[in-house]
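In what follows, chains carry the letters A, B, and so on, assigned in the order in which the sequence lines appear, proteins first and then strands, with residues in each chain numbered from 1. These figures come from a predicted structure and were not determined experimentally.
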There are 2 protein chains.
Amino acid sequence: MRRDIFQAIADPTRRAIIALIAVQAMTPNAIAENFNSTRQAVSKHLRILAECELVKQEQQGREIYYSLEIEKMKEIDKWLEQYRAIWEAQFNQLDNVLIKLKNQKK
Amino acid sequence: MRRDIFQAIADPTRRAIIALIAVQAMTPNAIAENFNSTRQAVSKHLRILAECELVKQEQQGREIYYSLEIEKMKEIDKWLEQYRAIWEAQFNQLDNVLIKLKNQKK
DNA sequence: ATATTATGAAACTATTTGGTTGCAAATATA
DNA sequence: TATATTTGCAACCAAATAGTTTCATAATAT
């Protein structure tokens, strides 16, 4: 049972859930209203998101409010960092080419 | 058959392949040497990566060199953008709290 | 010309995934 | 107290996934 953040965001429904609860904390029922699948299916997605600590839960009576654990999202950003370094380097190279072209014009 | 970039990076082997070919273009055989699974399994991963345009291929004789399509990685960055906005806003709020505390000290 | 090498594709398999229905527990309301 | 609501969990199922073995094709080396 793989359960890391990359696996969590692979599913489009889960990405939609993340987008929803990023705005405001919501109950499973309220979240499920936004999808065609059953509440239980959404509940399963929430469990997966909770297992890799992408969401936090706050019990309020019989309702449970789910909200995004934004800190966890930084893990993806951290992973991207190495590739961002590459594309920024490429951009700078392009920049150098443009500068050279400019100088040749003179 | 879902085939988007999020699904592509969900698999740890594929992320490892991405990391490998980000450094330099490599043939399927050379890539496979870095893993325990068969060349064919790696080949399948490469096909998935190619299908969502995360890698580009360059034929050289009977060898095919695979390299990372860094532009495609920006799609993840673009998706992260909205959440980066959130955690930066939270950071600024924390910053404001610290400033207030500092002023109270005076 | 023949053998070797590099590769992709097809067929098959075990496991995982995302979904369903049904049920039990806890809380709120009449 | 009896009933309704909110939720999670277990059992089940179809489809997708990641892997394997086997085979075909094309390029290179002998």
[N] [atom2] sits how many Å from [X] [atom1], rounded?
{"X": "A:Q57", "N": "D:dG8", "atom1": "CD", "atom2": "P", "value": "7 Å"}
{"X": "A:D11", "N": "C:dT17", "atom1": "CG", "atom2": "P", "value": "11 Å"}
{"X": "A:I48", "N": "D:dC9", "atom1": "CD1", "atom2": "P", "value": "12 Å"}
{"X": "B:D4", "N": "D:dT17", "atom1": "CG", "atom2": "C1'", "value": "14 Å"}
{"X": "A:R15", "N": "C:dG18", "atom1": "CZ", "atom2": "C1'", "value": "15 Å"}
{"X": "B:E51", "N": "D:dA18", "atom1": "CD", "atom2": "C1'", "value": "14 Å"}
{"X": "B:L46", "N": "C:dG8", "atom1": "CG", "atom2": "P", "value": "7 Å"}
{"X": "B:Q59", "N": "D:dA26", "atom1": "CD", "atom2": "P", "value": "11 Å"}

How many angstroms lie between atom CG of A:L20 and atom CZ of A:R14, to the nearest 0.5 angstrom?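 Reported to 0.5 Å precision, the distance equals 15.0 Å.
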Mind checking the CG-CD1 spacing from A:L54 to A:I21? Nearest 0.5 Å is all I need.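 Rounded to the nearest 0.5 Å, the CG-CD1 separation comes to 8.0 Å.
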Does [X] place a side-chain N or O at less than 4.0 Å from the phosphate oxygens OP1/OP2 of [N]?
{"X": "A:H45", "N": "C:dG19", "answer": "yes"}
{"X": "B:R14", "N": "D:dT17", "answer": "no"}
{"X": "A:Y65", "N": "D:dT6", "answer": "no"}
{"X": "A:R62", "N": "D:dA4", "answer": "no"}
{"X": "A:S43", "N": "D:dG8", "answer": "yes"}
{"X": "A:Y66", "N": "D:dT6", "answer": "no"}

Under the salt bridge (charged side-chain N to carboxylate O under 4.0 Å, His left out) test, which residues partner B:R39, sequence neighbours left out? none
Can you check whether B:M73 reaches A:I86 side chain to side chain, under 4.5 Å on heavy atoms?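 Not touching, per the 4.5 Å side-chain cut-off.
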Could you tell me whether the side chain of B:P28 reaches within less than 4.5 Å of the side chain of B:L46, counting heavy atoms only? yes
State plainly whether the residues A:D11 and A:K44 are in salt-bridge range, i.e. N to O under 4.0 Å. no
What pairs of nitrogen or oxygen atoms, one from the protein and one from nucleotides 11-13 of chain C, lie under 3.5 Å apart?
none

Give me each pair satisfying side-chain hydrogen bond (donor to acceptor under 3.5 Å, both in side chains) with a member in residues 74-86 of chain B, each pair once, sequence neighbours excluded. A:D77-B:R84, A:R84-B:D77, B:E71-B:K74, B:K72-B:E75, B:D77-B:R84, B:E81-B:R84
Applying side-chain hydrogen bond (donor to acceptor under 3.5 Å, both in side chains), which residue pairs with at least one partner in residues 25-37 of chain B are found, sequence neighbours left out?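 Qualifying pairs: none.
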Let me check something: any side-chain donor-acceptor pairs from residues 57-70 of chain B under 3.5 Å, sequence neighbours excluded? List them with distances.
from  : atom 1 : to    : atom 2 : distance (Å)
B:Q59 : NE2    : B:G61 : O      : 3.1
B:E63 : OE1    : B:Y65 : OH     : 3.3

Going by heavy atoms closer than 4.0 Å, what residues in residues 18-42 of chain B are next to DNA chain D? B:S37, B:T38, B:Q40, B:A41
